[in-house]
Amino acid sequence: MTAPREPRRSPAPRRTTPPGRGAAPKKTAKGSAARNPTAKNSAKPQRTGRATPQRAGNAAPARKPAPREPSRGRESGRPPSGRRKPAPRKKPATASRLGLQAPPDARRKTSASTRGAAGARRPAPLEGRRYTPARPAPGRPEIRQRWLIGATAVIVLVFVARLVQVQVIQGPELAADAQAARLATAVTPAHRGDITDADGVVLATSVDRYTVVADPVAIQDFRGHGRVDSRGEPVQDGALGVAQLLGPVLSIPDAELAAKLVGDTRYVVLAKDVVPRAQRAIAELGLRAYIRTDLVSKRTYPAGTVGAGLLGFVDGEQAGRAGIEAAYDDVLAGSPGSETYERSRDGLRIPAADQEYTPAVPGDDVRLTLVHDVQWKAQDAVDQAVRDTGAAYGIAVVQDVRTGEVVALADSDAPDPNDRSTAAVAEPSKAVTAVFEPGSTGKVVTMAAALETGVWKPGSRFTVPYRWTAPSGQTFTDSHEHAVERLTLTGVLAKSSNVGTVMVGEKIPLQTRQDYLTKFGFGQPTGLGLPGESVGLMPPDDVEQWDLRTRDTVLFGQALAVNAIQATSVFTTVANGGIRTQPTLLAGTTDDDGTETPAQRPDGERVISTDTADTLLHMMEAVTDDDGTAANAKVPGYRVAGKTGTAQMWLENGQQTYMASFVGVAPADDPRYTVGVFLRSPQSSIYGGEVAAPVFSDVMGFTLQKMDVPPSDEKYRPLRTTW
C-alpha cells in the first residue's frame, strides 16, 4: 500500500527570530514520518532554516534532523546520543531586539515561516516540549535618563547663571537700591546766631518751630482699634480718625482737617510754626507712621522796629537777604546737620539698622556796635521830625568819635521785621543807599584844606557881598540876601556863606580840592559792608576835566554826592584829631562755646594834623553860637561844634528838592560822639539849622546821658567871626 502523499510545502522563509529569543521549533509534516526519524519517508532536515520542497508521490529520503536551539530559558531536548551539541549560532540583531517594531513585511514573513503549507496552522509542539511565546523586547531607560539629565542640567545651569547675575554681578547694585529705598534723611537745621547790641541786648534770634506734615496714602490704613479721642468719642478708621486725634492739638475742626487728609499724595502740610509744646502733644498721639513734625528755625526780632532798617531779614531757608543778616550771613548761618536711618514700609525707624548722624554746627552770634536805647531814641526822634516837618523821610547817625563805631543808624518809619506782609522789610537802610549833595556840611573839607595848607587862618579877613562873580566868570550868591559883610574865616564858616567860601578857595589849587575830598572818604565805600550801599558821586579824577562851575561849587558841597555815613564821618575825623577811622557796625563775634572774637579793624589814616583839627573844631563851635546858623543844636551842659547843610537834590523828572541836615560833635572840648541828622524834602523849612538842628540836640543830649559822658568843664572861648 502506497503511503499518502504529503501536501506540498512552500519554501520556508528566512529566520527572523529576534536576538535573545530561543529558536522556534522546526516545523514537520503531520503523520508517522514526522514523528519517526527512521522512517523511510521522513522529511530531510532543513538547511539554514529553509524547507526543501517535496514532489508529490515520492517519499523524501530520511535525514537526520538538525539540532534545535533550546527554548528561551530552558533545554528544548537532549541531542542524539553520541553527537556533540552544536555551538549556538549568533543571533542576528533584529528590530525586536533593538526595541523597535518590525516592519509589516517582516511580520508577514515571520508568520509565513511558522506555518506549513499556505493557510496551515502552526503545528503542535513536539511531545515533551513546552511552547513559550515570544516576549516583547525590553526598553532602553538609559536613553531617557540621558535626556532627563541633560534637560535638568540645562535648567540648573539657567538658574545658576541667574543666581550669579543677581548675587554677584547685580548684587551690590540691587543691595544699594534696596537700602536707598529704606533710607531716610532728616536735616537738622543749624541754629542761626543771634544779633545783639553792644550790651548784649538781643535784636534778632532764632527759635525752634515745627511744620506738621501728613501722608494721606498711609492714613488710608489707619485703624482706630477701640481708641477714644480727647472728647471721649470712639476713634474712626482712616482720615476721620486721625482728624479726631490731631484736630484738637492744631485747633482745626475735624471735618476740615479730615478733608486735607484724603488724597493720593504722600505730602500735605497741615500747619506751620507749631510751637514745641504742641509738637510734644502730637508725638504723644502715636501717629508717627501717618503724621510727622519737621523741625524748622524761625527768625524773630524781639526789639521790633528798633534797628529794623539796619538788621534786614531772612528768607524761608534762613538765609540773610538784607541788612546785617545779609552782610554777616556767613558768620550767622552755621552748618546744618543730618541724620540718615533705615525705616520700614510703614515709616517707622528700624532700631538695629545702621545710622549716620552729623551734628549741626550753630552759627556765631554777632555783636554790633549799636546801643539799643540810643538806636530807639534816634528812630523815635527822626519819626517825630518827619511828622513835624512833613519830610519824605529822615535819617539819624550816631558815631563814636574815638573808634568810628556806629552807635545808632536810624531810618524813619522803619518796618517791623516780624511782619512779612509787606516788602518794606526788604528795603535797605537809606543811610547808605540814598545819596545827596552834602551842601554846606561840605564846607568843613574846604576849611580843613585852607588851614592845613596854611593859605588861611581862623582870623583871616574877607569882604563878602550877597552876590559875587569869581575870576572864572561864574556868579554865586548866598542863601539869604544881605549887605556886604566883613567876615573872618571863622565867620564865613559860621554864617555858611557860599560867596565867602568861593573866595577862600581861590588860594586852594584844584588838585588839592580833589585830594581832600578823597582823603575824607568821599566817593569810597564806608566799610560797613551793608547791601545796597552807594559810594556816591565824584567829579572826574582829572581836575582838568572839571568845568568852570564845578571848580568852585565843590568848595561848598555841590557837584558831588555822598551818603549819610560819609557826611557824618567827615566830622568824626575832625573830632578824632584829624585821624580818619573806618566806620564799623561789627563789635565782634561769639561762638557756641562762648569764646568772643573782637572785630579786626584797620588802622586809622591821618587826614589833617591835630592842630588843624582842633582849630577847625573850635571854629565849628561858632556855628552853634547865638550868631551862628544852628543855635537850635545846643545841648545844655555841653559844648557843641557842628555845621548845617541845605543841599539840592535833583529828581528824575528834572525837578528839585532839598536835603536839610546838621552834623555836630559833643562835647567839643573832649569829643565823644558825632550825630548827623538828615531830612529830605521838609515842608516847614528847607534849612538844616531850623529842622535838623533840634533833632540833633535831642539825640545828642540823650546819647551823652545814656553813655555817662560828663558835661563840659572848660568854658567856650569864641573866635572872632567879623572884623
Side-chain angles (χ1 to χ4, degrees), residues 399 401-402 404 438-462 464 470 487-498 500-524 538-539 541 543 546 550-560 562 566-583 603-623 641-643 645 663-665 668-671 674 717 719-721:
Q399 191 175 14
V401 168
R402 300 177 180 179
S440 294
T441 58
K443 295 173 181 176
V444 174
V445 177
T446 301
M447 296 299 171
L451 294 172
E452 185 71 12
T453 58
V455 296
W456 304 109
K457 294 182 179 179
S460 299
R461 300 176 179 182
F462 300 89
V464 182
L487 303 175
T488 63
L489 184 65
T490 302
V492 170
L493 182 63
K495 297 292 184 178
S496 191
S497 173
N498 295 337
T501 305
V502 174
M503 293 178 175
V504 171
E506 288 301 315
K507 290 186 178 182
I508 302 176
L510 293 180
Q511 190 60 52
T512 302
R513 302 177 193 182
Q514 168 79 343
D515 292 343
Y516 274 85
L517 292 174
T518 303
K519 287 181 179 180
F520 276 99
F522 291 172
Q524 305 170 44
M538 285 282 288
D541 293 337
V543 296
W546 292 6
T550 297
R551 297 179 180 186
D552 292 326
T553 55
V554 294
L555 297 170
F556 53 84
Q558 292 184 3
L560 72 158
V562 298
Q566 292 171 330
T568 303
S569 295
V570 171
F571 293 78
T572 301
T573 300
V574 174
N576 192 35
I579 298 176
R580 177 175 174 262
T581 57
Q582 180 175 288
D603 295 334
E605 177 185 356
R606 179 165 293 281
V607 177
I608 56 178
S609 65
T610 302
D611 292 341
T612 299
D614 291 344
T615 301
L616 181 56
L617 194 64
H618 196 187
M619 292 171 59
M620 287 193 295
E621 283 192 77
V623 176
K643 185 68 186 74
V663 184
V665 178
D669 53 326
D670 186 13
T674 304
R717 298 189 303 273
L719 298 174
R720 292 180 61 90
T721 59

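In what follows, every heavy atom counts, from backbone to side chain, and hydrogens, waters and symmetry copies are set aside.
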Visitor: Give, for atom CH2 of Trp546 and atom CD of Gln511, the distance between the pair rounded to the nearest 0.5 Å.
Guide: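 That separation rounds to 7.5 Å.
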Visitor: In Å, rounded to the nearest 0.5 Å, how long is the span from CG of Leu617 to OG1 of Thr612?
Guide: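 Atom-to-atom, Leu617:CG and Thr612:OG1 are 12.5 Å apart.
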Visitor: Among residues at least two apart in sequence or on other chains, which ones pass side chain to side chain contact (heavy atoms under 4.5 Å, CB included) with Ala494?
Guide: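 Once residues adjacent in sequence are excluded, the partners of Ala494 under the side chain to side chain contact (heavy atoms under 4.5 Å, CB included) criterion are Ala622, Thr721.
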Visitor: Between the main-chain N or O of Thr518 and the side-chain N or O of Gln524, is there a donor-acceptor pair closer than 3.5 Å?
Guide: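 Present.
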Visitor: Looking only at side chains, do Lys643 and Ser496 share a donor and an acceptor under 3.5 Å apart?
Guide: yes
Visitor: Go through it in stages, so that I can follow the logic: the residues are Val445 and Val554, the test is side-chain contact (heavy atoms from CB on, under 4.5 Å), and I'd like the CA-CA distance, side-chain angles, deciding distance and then a yes or no.
Guide: CA-CA 10 Å; Val445 177; Val554 294; over 6 Å; no
Visitor: Would you compute the distance between atom OG of Ser569 and atom CG of Asn576 and round it to the nearest 0.5 angstrom?
Guide: 11.0 Å
Visitor: I need the minimum non-hydrogen distance between Pro458 and Thr615, along with the two atoms involved.
Guide: CG-CG2, 3.3 Å
Visitor: Could you check whether any side-chain heavy atom of Leu560 comes within less than 4.5 Å of a side-chain heavy atom of Leu517, counting everything from C-beta outward?
Guide: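 A side-chain contact under 4.5 Å exists here.
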Visitor: NZ of Lys495 to CG of Leu487: how many Å apart, nearest 0.5 Å?
Guide: 7.5 Å
Visitor: Return the OG1 to CD distance between Thr572 and Gln399, rounded to the nearest 0.5 Å.
Guide: 3.5 Å
Visitor: Between Thr501 (side chain) and Leu555 (backbone), is there a donor-acceptor pair under 3.5 Å?
Guide: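 Not at all, since once roles are kept as given, no pair shorter than 3.5 Å links the two residues.
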Visitor: Go through the structure and list residues passing side chain to side chain contact (heavy atoms under 4.5 Å, CB included) with Glu605, not counting sequence neighbours.
Guide: Arg580
Visitor: Can you name the nearest heavy-atom pair linking Ala575 to Val665, along with the distance?
Guide: CB-CG1, 3.6 Å
Visitor: Give me the atom names and distance for the closest heavy-atom approach of Gly577 to Ala613.
Guide: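 So the two residues come closest at C-CB, 3.5 Å.
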Visitor: Which pair of heavy atoms, one from Gly500 and one from Ser497, lies closest together, and at what distance?
Guide: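 Looks like N-OG, 3.0 Å.
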Visitor: Is it true that Asp669 and Arg717 have a side-chain N and a carboxylate O under 4.0 angstrom from each other?
Guide: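 Result for this pair is no, no salt bridge flagged.
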Visitor: Go through the steps for Asp552 and Arg513 under the test side-chain contact (heavy atoms from CB on, under 4.5 Å), then give the verdict.
Guide: CA-CA 10 Å; Asp552 292 326; Arg513 302 177 193 182; 3.7 Å; yes
Visitor: What do the steps show when you test Arg720 against Thr490 for side-chain contact (heavy atoms from CB on, under 4.5 Å), and what is the final call?
Guide: CA-CA 7 Å; Arg720 292 180 61 90; Thr490 302; over 6 Å; no
Visitor: Indicate yes or no: at least one non-hydrogen side-chain atom of Leu451 is less than 4.5 angstrom from one of Met619.
Guide: yes
Visitor: Can you tell me how far apart OG1 (Thr573) and NZ (Lys519) are? Round to the nearest 0.5 Å.
Guide: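 These two atoms lie 12.5 Å from each other.
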Visitor: What heavy-atom pair brings Ala567 and Val562 nearest, and what distance separates the two atoms?
Guide: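 Looking at all heavy atoms of both residues, the closest pair is CB-CG2, 4.1 Å.
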Visitor: Kindly indicate whether the side chain of Val574, heavy atoms from C-beta on, has any atom under 4.5 Å from the side chain of Phe520.
Guide: yes
Visitor: Go through the steps for Thr446 and Phe556 under the test side-chain contact (heavy atoms from CB on, under 4.5 Å), then give the verdict.
Guide: CA-CA 7 Å; Thr446 301; Phe556 53 84; over 6 Å; no
Visitor: Can you give me the closest heavy-atom contact between Thr581 and Gly404, atom names plus distance?
Guide: OG1-CA, 3.5 Å
Visitor: Does any N or O in the side chain of Trp456 come within less than 3.5 Å of the main-chain N or O of Leu489, such that one atom is a donor and the other an acceptor?
Guide: no
Visitor: Under the 3.5 angstrom rule, does the side chain of Arg551 hit a backbone N or O of Leu510 as a donor-acceptor pair?
Guide: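 Such a contact is absent between Arg551 side chain and Leu510 backbone.
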